[in-house]
Chemist: 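Below is one structure. I have some questions about it.
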Amino acid sequence: DVQCKLAQDNNAKVQSKALQSFTSFLQTENLRQLIDQNLTMIIQAMSHNLTSTSPSIRNSSEELIALLASTSEVPS
């Protein structure tokens, strides 16, 4: 929850740091269940950043969404 708020902060430096932290967070296998449970909130934060005026924030968000797509479980 806090990480998602930081990823949407008005300060580009705060956003950038939060997005970097998200990358390592999403790649931590032990947190997979927590990530899957909060997937909607995470995707909302990342999709909000797709409208950022900062190219680096947009690119980082696109990369994180792609990472989420490649690592998230698909319910059967």
Side-chain angles (χ1 to χ4, degrees):
D1 187 38
V2 172
Q3 193 71 10
C4 288
K5 289 179 184 176
L6 290 174
Q8 295 177 349
D9 195 273
N10 290 330
N11 185 316
K13 289 181 182 179
V14 173
Q15 279 184 307
S16 181
K17 182 65 176 168
L19 293 173
Q20 290 173 0
S21 297
F22 248 123
T23 301
S24 60
F25 174 74
L26 294 176
Q27 293 175 331
T28 304
E29 191 60 38
N30 296 341
L31 300 175
R32 175 63 26 217
Q33 185 176 4
L34 179 64
I35 293 166
D36 289 340
Q37 290 172 350
N38 295 287
L39 197 54
T40 301
M41 183 178 10
I42 295 169
I43 290 174
Q44 286 175 341
M46 295 304 108
S47 62
H48 175 267
N49 288 338
L50 294 176
T51 62
S52 174
T53 57
S54 169
S56 64
I57 299 297
R58 284 194 312 269
N59 292 339
S60 294
S61 296
E62 288 175 1
E63 291 170 8
L64 285 171
I65 290 172
L67 178 62
L68 271 172
S70 68
T71 60
S72 293
E73 292 183 20
V74 176
S76 51

Chemist: Using side chain to side chain contact (heavy atoms under 4.5 Å, CB included) as the criterion, list what pairs up with Gln44, not counting sequence neighbours.
Modeler: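 Gln44 satisfies side chain to side chain contact (heavy atoms under 4.5 Å, CB included) with Thr40 once adjacent residues are dropped.
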Chemist: Quick one: hydrophobic cluster around Leu6, which other residues, with the 4.5 Å side-chain cut-off, linked directly or via members?
Modeler: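 Same cluster as Leu6: Val2, Val14.
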Chemist: A side-chain contact here means heavy atoms from C-beta on lying under 4.5 Å apart; do Thr28 and Ile35 qualify?
Modeler: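 Answer no - side chains too far apart.
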Chemist: With Gln37, which residues qualify under side chain to side chain contact (heavy atoms under 4.5 Å, CB included), at least two apart?
Modeler: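 Gln33, Leu34.
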Chemist: According to the side-chain hydrogen bond (donor to acceptor under 3.5 Å, both in side chains) rule, which pairs have a member within residues 13-23, sequence neighbours left out?
Modeler: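 Matches after skipping sequence neighbours: Gln15-Asn49.
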Chemist: By the salt bridge (Lys or Arg N to Asp or Glu O under 4.0 Å) test, which pairs, at least two apart or in different chains, include something from residues 40-64?
Modeler: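 Output for this query is empty, none listed.
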Chemist: Please round to the nearest 0.5 Å and tell me the distance separating atom CG of Leu50 and atom OG of Ser60.
Modeler: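 Reported value, rounded in 0.5 Å steps: 11.0 Å.
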Chemist: Check for me, please, whether Phe22 and Leu31 land in the same ILVMFWY cluster - side-chain distances under 4.5 Å, paths through other members count.
Modeler: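 Hydrophobic grouping puts Phe22 with Leu31.
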Chemist: Taking the side chain as every heavy atom from C-beta outward, state whether Ile42 and Gln3 have any atom pair closer than 4.5 Å.
Modeler: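 Contact flag for Ile42/Gln3 side chains = no.
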Chemist: Looking at Leu26, is its backbone amide N or carbonyl O close enough to the side chain of Arg32 to form a donor-acceptor pair, meaning the two atoms are under 3.5 Å apart?
Modeler: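 Such a contact is found between Arg32 side chain and Leu26 backbone.
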Chemist: Under a single-linkage definition using a 4.5 Å side-chain heavy-atom cutoff for Ile, Leu, Val, Met, Phe, Trp and Tyr, are Met41 and Ile65 assigned to the same hydrophobic cluster?
Modeler: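 No; Ile65 is not reachable from Met41 via cluster members.
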Chemist: With no hydrogens and no angle check, do the side chains of Ser52 and Ser54 hold a donor and an acceptor under 3.5 Å apart?
Modeler: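 Note: Ser52 and Ser54 side chains miss the donor-acceptor criterion.
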Chemist: Looking at CG of Leu64 and OG of Ser47, how far apart are the two atoms once the value is rounded to the nearest 0.5 Å?
Modeler: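 Going from CG on Leu64 over to OG on Ser47, the span is 12.0 Å.
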Chemist: With Thr53, which residues qualify under side chain to side chain contact (heavy atoms under 4.5 Å, CB included), at least two apart?
Modeler: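 With sequence neighbours excluded, Thr53 shows a side chain to side chain contact (heavy atoms under 4.5 Å, CB included) to no residue whatsoever.
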Chemist: Hey, could you give me the OG1/CD1 distance between Thr51 and Ile57, rounded to the nearest 0.5 Å?
Modeler: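 Going from OG1 on Thr51 over to CD1 on Ile57, the span is 11.0 Å.
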Chemist: Show the nearest heavy-atom pair for residues Ala18 and Ala7, with the distance to one decimal.
Modeler: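 Closest approach of Ala18 to Ala7, heavy atoms only: CB-N, 3.6 Å.
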